[in-house]
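Notes follow once the structure below has been shown.
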Amino acid sequence: MKSIPSVPSEARRRIEVRPDQTIALGPRADAPVEVFSTPSLILLLELAAKDLLAPHLEAEEDSVGVSVEITHTAPTPRGGWVEATARLVAVQGRQFDFELLAFDAAGEIGNGRHRRAVVSLSKFEDALAKRTSPRTEGLTPTLPAVPATVAVRGGVEAGVARLVLNRPGSLNAMDRSMTGDLEAWLAYLEHPTCPVRVVVLSGEGRAFCAGEDIKENAALDADASIALAGRRGQVCRRLAALPHPVIAQVQGPCFGGGLMLALAADLLVASHSATFGLPEVKLGWPPAYTLDAVVARVGRLGARRLALQGETWTAAQALELGLVDRAVAENQLPSEGARAVNDVLRLPALAFAETKRLLADLGPAGVGGDLGRTLDAYARCRRHPDAAAGMRAFLEGRNR
Ligand SMILES: CC(C)(COP(=O)(O)OP(=O)(O)OC[C@H]1O[C@@H](n2cnc3c(N)ncnc32)[C@H](O)[C@@H]1OP(=O)(O)O)[C@@H](O)C(=O)NCCC(=O)NCCS
């Protein structure tokens, strides 16, 4: 700017109200009541403010409106005159605040406040070009690539993502590769242009998931094991936070981290062969994450029975105590899963997502709201010699 205008100072504009500055009122199109319109009043006031700044600007600068608040208090007829006054009352850097006042022949017709900013025209034109040119490559929404994973076998068809935990030789125990695969799938599912409508989680072979891979854990140092548990906690939290419906289809053992994964789903369908437990305490540590999801389902009492007393629940018990939503015969699990998918596909996606979010935000228990504290407890215990002894006992087949 060449100079800063003094405060206070004023600029005025006066016009005679033309037909294109009026709004036609009343029911008769052939004989409307024509009065000075509010947008025309705003423009007139804004131009008065612009006039005040103009002599102070460099050649490649101009002023633009930032905000306007106006009250239009009286009508002015077509052909009448209106005078607008913009009074500069404050300057802050390149921003200028005005008080506005407008009169016609009969008196005041409006007042208000207005802020303008001085901009460099070249920068302004750049910003304008970005908004008017067609979307460039970087902005064009691209579909994310479907992850190619092995420890989780996955595919997407007709809006349904099917993720199959795929380490049947060890009852789909969750190792590092499965953790990484689940993270890859979550990144895909969380992508804003992901075409998935429903996620179905299941296990290959006779189990859903026997929890974390104890053989792998036994070979890791405590820090690596704790870091891995933290990642798995995030996997459960992110899975539960997906806006899509998530359905877990569970058969056979569903233990420890496997149960936490299943409980991150919105609907848990189990076959009669399913068994559920949280045997971590026997190994020498507490559940490392999302115990809140267990409490949300079966309350503290149920969580105590699973996590402290080491109970293993059958599908029937799990259904009765609210840990699962449905329990069906083994051979009906696929068809029951398919029915659940069809049911949720019929629901409006936005309404489902909003309701899911509301339920997650309500009340004390969510999924993963307490990750820090549970992981700390796991870390303390995983570093203790009892943990090594517990894993040794499992590996030697003594505490199953
Ligand atoms: C789930 C369970 C009750 C099923 O018992 P089962 O039907 O008799 O099956 P097995 O114990 O023979 O397990 C089958 C195979 O999977 C392996 N396996 C099962 N759970 C495993 C785990 N969590 N980590 C690594 N390997 C596991 C077994 O070592 C066995 O492998 P092998 O055939 O090479 O010996 C039993 O495997 C078990 O207690 N697993 C551990 C559960 C657990 O503590 N999870 C960790 C919580 S964080």
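In each ligand, atom 1 is the first atom listed, and ligand 1 is the first ligand listed.
- Remark: Lys215 does not engage Asp175 in a salt bridge, criterion side-chain N to carboxylate O under 4.0 Å.
- Between atom 34 (O) of ligand 1 and the options Met260, Lys215, Glu216, the minimum heavy-atom separation is to Lys215.
- In summary, the atoms of ligand 1 found under 4.0 Å from a heavy atom of Glu212, numbered by their order in the structure, are 22 (C), 23 (N), 24 (N), 48 (S).
- Between Tyr378 and Ser225 the shortest heavy-atom distance is OH-OG, 2.7 Å.
- At a 4.0 Å heavy-atom cut-off, ligand 1 touches Ala210 through backbone and side chain alike.
- Put simply, the residue from Thr275, Leu171, Leu306 that forms a side-chain contact (heavy atoms from CB on, under 4.5 Å) with Phe255 is Thr275.
- Of the N or O atoms in Gly256, none lie within a sub-3.5 Å distance of an N or O in ligand 1.
- Between Arg87 and Glu10 there is a salt bridge, since a side-chain N of the basic residue sits under 4.0 Å from a carboxylate O of the acidic one.
- Judged by distance alone, with hydrogens and angles left aside, the side-chain atoms of Asp104 form no donor-acceptor pair with the main-chain N or O of Ile109 at under 3.5 Å.
- Below 4.0 Å from some heavy atom of Ala173 lie the following atoms of ligand 1, by number and element: 22 (C), 23 (N), 24 (N), 25 (C).
- Of the polar atoms of Ile214, at least one N or O is found under 3.5 Å from an N or O of ligand 1, judged by distance alone.
- Near Phe394, with a cut-off below 4.0 Å to any heavy atom, the atoms of ligand 1 are 20 (N), 21 (C), 27 (C), 38 (C), 40 (N), 41 (C).
- Under the 4.0 Å criterion applied to side-chain N and carboxylate O atoms, Asp325 and Arg297 are assigned as salt-bridge partners.
- In summary, the atoms of ligand 1 found under 4.0 Å from a heavy atom of Glu280, numbered by their order in the structure, are 48 (S).
- In summary, the atoms of ligand 1 found under 4.0 Å from a heavy atom of Asp213, numbered by their order in the structure, are 24 (N), 25 (C).
- Here the side chains of Glu354 and Leu358 are not in contact, with every heavy-atom distance at 4.5 Å or above.
- Closest heavy-atom approach to atom 17 (C) of ligand 1 among the candidates Cys209, Ala229, Pro287, Ser170: Ser170.
- Polar contact check, Trp285 against ligand 1: no nitrogen or oxygen pair lies under 3.5 Å apart.
- Of the heavy atoms in Leu283, only side-chain atoms (C-beta onward) come closer than 4.0 Å to ligand 1.
- The distance criterion of under 3.5 Å between nitrogen or oxygen atoms is met by Arg206 with respect to ligand 1.
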Please lay out, stage by stage, how Ser120 and Ser122 fare under the test side-chain hydrogen bond (donor to acceptor under 3.5 Å, both in side chains). CA-CA 6 Å; Ser120 134; Ser122 56; 3.2 Å; yes

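- For ligand 1 and Gly169, the ligand atoms under 4.0 Å from any heavy atom of the residue are 15 (C), 16 (O).
- Contact analysis leaves Gly397 out of contact with ligand 1, as no non-hydrogen atom separation drops below 4.0 angstrom.
- A salt bridge links Glu99 to Arg113: one of the charged nitrogens lies within less than 4.0 Å of a carboxylate oxygen.
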Set out, in order, the CA-CA distance, both residues' side-chain angles and the distance that settles side-chain hydrogen bond (donor to acceptor under 3.5 Å, both in side chains) for Glu311 and Trp313, then state yes or no. CA-CA 6 Å; Glu311 289 187 8; Trp313 292 356; 2.8 Å; yes

